Amino acid sequence: MENPEVAQVFEEVADLLDIQDENPFRVRAYRNAARTIRDLAAPLAQLSPEKLEDLNGIGKDLARKITTILETGDLPLRQELRKQVPAGLRDLIAVPGLGPKRAQTLHQRLKIGSLDDLRQAAEKHRIRKLRGFGAKTEEKIVQALEGREETGRRVLLAEAKVFADAVVSHLRQAPGVGQVEVAGSFRRHKETVGDLDLLATCRRVGPVMDRLADYEAVAEVLARGKTKMSVRLRNGLQMDLRVVPEASYGAALQYFTGSKEHSIQLRRRALERGLRVNEYGVFRGKRRIAGRTEEEIYEAVGLPWIPPELREARGEFELASKGRLPKLLELDDLRGDLHMHTTATDGRASLEEMVQGAKKRGYAYIAFTDHSKRVTMARGLDAKRLRQYWKAIDKLAGKVNGITLLKGVELDILEDGRLDLPEDVLAEADWVVASIHYGQNQPREKITRRLLNAIQSPHVHAIGHPTGRLIGKRKGYDVDLEVVFQAAADYGCLLELNAQPDRLDLDDAALIAAKERGVGIVVNTDAHSVEELGHMEFGVYQARRAGLEARDVANTRTLAQFRKLLKR
DNA sequence: GCCGTTTTCGGCCCGACTGTTTTCAGTCG
């Protein structure tokens, strides 16, 4: 059992208990435990029962339940709850605007038991007639369903990575195996992946396929042929394994990495040179002239190797042929992380713990950016508490070496466009990242106006998660990004690439547009725990997909250079 | 169900706002 699967069991239990109107704190206990498990760096199976109890939010009972899940693959409690709650209601409570109560009402009054039922009922305007619902709620449901469809049932890259890493190291232990790699959209580091395309070389095919069938998370072998095999994991993720000879490995890796559009352009370019490219190699007539490595393939058509993140047929061939491919951002380029939370508001680690975590990552500077007062649910900081917070940061800064601590705040941009704290307070901050958390459904002009107000403020250095989207859950706010980019460029306000795996906001397309406008980008984790400081890699992947280089990203600078970038 | 310089109970980041009502569920992180 991989950690995300265990977390999923607890999340399901939490949902089912929630629908049954159970003690909300018990529900939350399951949700907290799921989150802790998801954030964990090491596999649960490697922890002793005593260590399990040391984990945040996991006590005797949940530790025992984790052991049960690891040993049996399931939890009796989950089976029991499934008998009591109609299947499909869980899907309903995941829709923004619906919770356990409304899901129950919809099920009881309209016999709605699935997202399909929900869509049909909404289209027939049957929902707005229910007590407690109305036209606006019904419209919101329709919009939410549309937002979900865009990503479909794809899995977040971060979650897919857990399974990809595990299966690759599992397959590498197969006898006679050579190379093993995950291709496809996973290798292109898309924000979500639909399945995992595994590629392997080996002397004999049998042992590698046997090994995949043995992978612990496999629920079902869908197909198994001479060179190709498909399995489905318990969590629904599909894995396709292709076994290829060494001589074709590079060609197969290129072919299965895609994108389809990129490969079409590559083959067209080959044809112009009298060559033919397929998954076995590059051929002149019947003679194979390349295929062992990807570099060979690209070289055969007169190009340097193109990083997978750029293979989206968005102009990479033109850049490559002119020798002007960007030198893409790398994790090591980053010298600081400028958006994180602590126990001062809704973070789960102390200032000290976050500093230690940041030092381990080799950062030269970090900014603490707990919430401002409007975010009441996170116990956001008012002026008085914020100054105490900054005092604590200063005090800590005097005790730690090798890292600079910046006094920051995640400043709420209020519904009416004002900022959540007075100017004299903001003027004392080293770093202000302003974000929208409320009034996300406002019309385009109003949302855009709010962002412009923040951008134009002399005290705001960056805009946090500029569109507010949550991948697979919620569309971003309706905002005129063109206007925002222009203002950000004009006023020297940075825009954030938020590295939370379900945000990755701005997305790749927006980052490309922002770069064209000359907008400075800052890549931050928005970490709420020490572990989440590790999300930086996903921000880097997204930046790479947009072709960003170190110089495009503000927090690759030394602290002195970084400070010069900030508007006064 | 977790947690404890408040340990074996009684708390649990919990308040403004929206859409819908006329008392309340759901949304924000």
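Bear in mind that the values here come from a model prediction, so they are computed numbers and not experimental data. Protein chains get the first letters and strands the later ones, always in sequence-line order, with residue 1 at the start of each.
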Mind checking if A:Leu470 touches a base, just sugar-phosphate, or nothing, with heavy atoms under 4.0 Å?
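Answer is nothing: A:Leu470 stays at 4.0 Å or more from every strand.
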
What nucleic acid atoms does A:Lys65 come within less than 4.0 Å of, heavy atoms only: base, sugar-phosphate, or nothing?
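Sugar-phosphate only.
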
Can you tell me the distance, in whole Å, between the [atom1] atom of [X] and the [atom2] atom of [N]?
X: A:Phe10; N: B:dG1; atom1: CZ; atom2: C1'; answer: 10 Å
X: A:Asn23; N: B:dC2; atom1: CG; atom2: C1'; answer: 11 Å
X: A:Arg348; N: B:dC3; atom1: CZ; atom2: P; answer: 14 Å
X: A:His371; N: B:dG15; atom1: NE2; atom2: P; answer: 17 Å
X: A:Glu53; N: B:dG1; atom1: CD; atom2: P; answer: 14 Å
X: A:Arg31; N: B:dC14; atom1: CZ; atom2: C1'; answer: 17 Å
X: A:Arg35; N: B:dC2; atom1: CZ; atom2: C1'; answer: 17 Å
X: A:Asp346; N: B:dC14; atom1: CG; atom2: P; answer: 12 Å

Using 30° and 60° as the class boundaries, would you call the ring planes of A:Phe186 and A:His189 parallel, tilted or perpendicular?
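Aromatic pair A:Phe186/A:His189 classed perpendicular.
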
Where does the angle between the aromatic ring planes of A:His371 and A:His437 fall among parallel (under 30°), tilted (30 to 60°) and perpendicular (over 60°)?
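Plane angle over 60°, so perpendicular.
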
What's the gap between [N] and [M] when it is taken at their [atom1] atoms, as a whole Å value?
N: B:dT5; M: B:dG1; atom1: C1'; result: 24 Å
N: B:dC24; M: B:dC14; atom1: C1'; result: 15 Å
N: B:dT6; M: B:dC12; atom1: P; result: 15 Å
N: B:dG15; M: B:dT7; atom1: P; result: 24 Å
N: B:dT22; M: B:dC28; atom1: C1'; result: 25 Å
N: B:dT21; M: B:dA25; atom1: C1'; result: 11 Å
N: B:dG11; M: B:dA16; atom1: C1'; result: 23 Å

Is it possible for you to check whether A:Arg374 lies under 6.0 Å from the centre of the six-membered ring of A:Tyr438, through NZ or CZ, and within 45° of that ring's axis?
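Yes, A:Arg374 sits over the ring of A:Tyr438.
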
Go along nucleotides 16-26 of chain B 5' to 3' and tag each nucleotide: B for a protein heavy atom under 4.0 Å from its base, S when only backbone or sugar atoms are that close, - otherwise.
-S-SSSS--SS

Closest-nucleotide ordering on DNA chain B, the 5'-leading residue of A:Gly57 and A:Phe25
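Whichever sits nearer the 5' end wins; that is A:Gly57.
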
Quick check: on DNA chain B, is the nucleotide nearest A:Arg26 upstream (toward 5') of the one nearest A:His465, or the reverse? Name the residue that is more 5'.
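It is A:Arg26, whose closest nucleotide lies nearer the 5' terminus.
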
With ring centroids as reference points, do A:His461 and A:His459 lie under 6.0 angstrom apart?
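Not close enough - the centres of the two rings lie 6.0 Å or further apart.
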
Which base sits across from B:dC14 as a Watson-Crick or G-U pair, both distances under 3.5 Å?
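B:dC14 is paired with nothing.
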
If pairing requires Watson-Crick or G-U wobble contacts with both distances under 3.5 Å, which nucleotide is the partner of B:dC9?
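The base-pairing partner of B:dC9, which may sit in any strand shown, is B:dG4.
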
Heavy-atom donor-acceptor pair, A:Glu496 side chain to A:Val522 backbone, under 3.5 Å
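Looks like no, no N/O pair under 3.5 Å.
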
Basic-acidic side-chain contact under 4.0 Å: A:Glu12, A:Arg82:
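Counted as a salt bridge, because a side-chain N and a carboxylate O are separated by less than 4.0 Å.
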
Identify the residue among A:Arg31, A:Arg90, A:Arg28 that makes a side chain to side chain donor-acceptor pair (under 3.5 Å) with A:Asp18.
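Testing A:Asp18 for a side chain to side chain donor-acceptor pair (under 3.5 Å) against A:Arg31, A:Arg90, A:Arg28 leaves exactly one candidate, A:Arg31.
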
Quick one: does A:Asn32 reach the base of B:dG1 with a side-chain donor-acceptor pair under 3.5 Å?
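Answer no: no donor N or O sits under 3.5 Å from an acceptor.
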
Could you note down all residue pairs passing ring-ring contact (aromatic ring centres under 6.0 Å, His included) where residues 27-74 of chain A supplies at least one of them, sequence neighbours left out?
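Only A:Phe10-A:Tyr30 qualify under ring-ring contact (aromatic ring centres under 6.0 Å, His included).
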
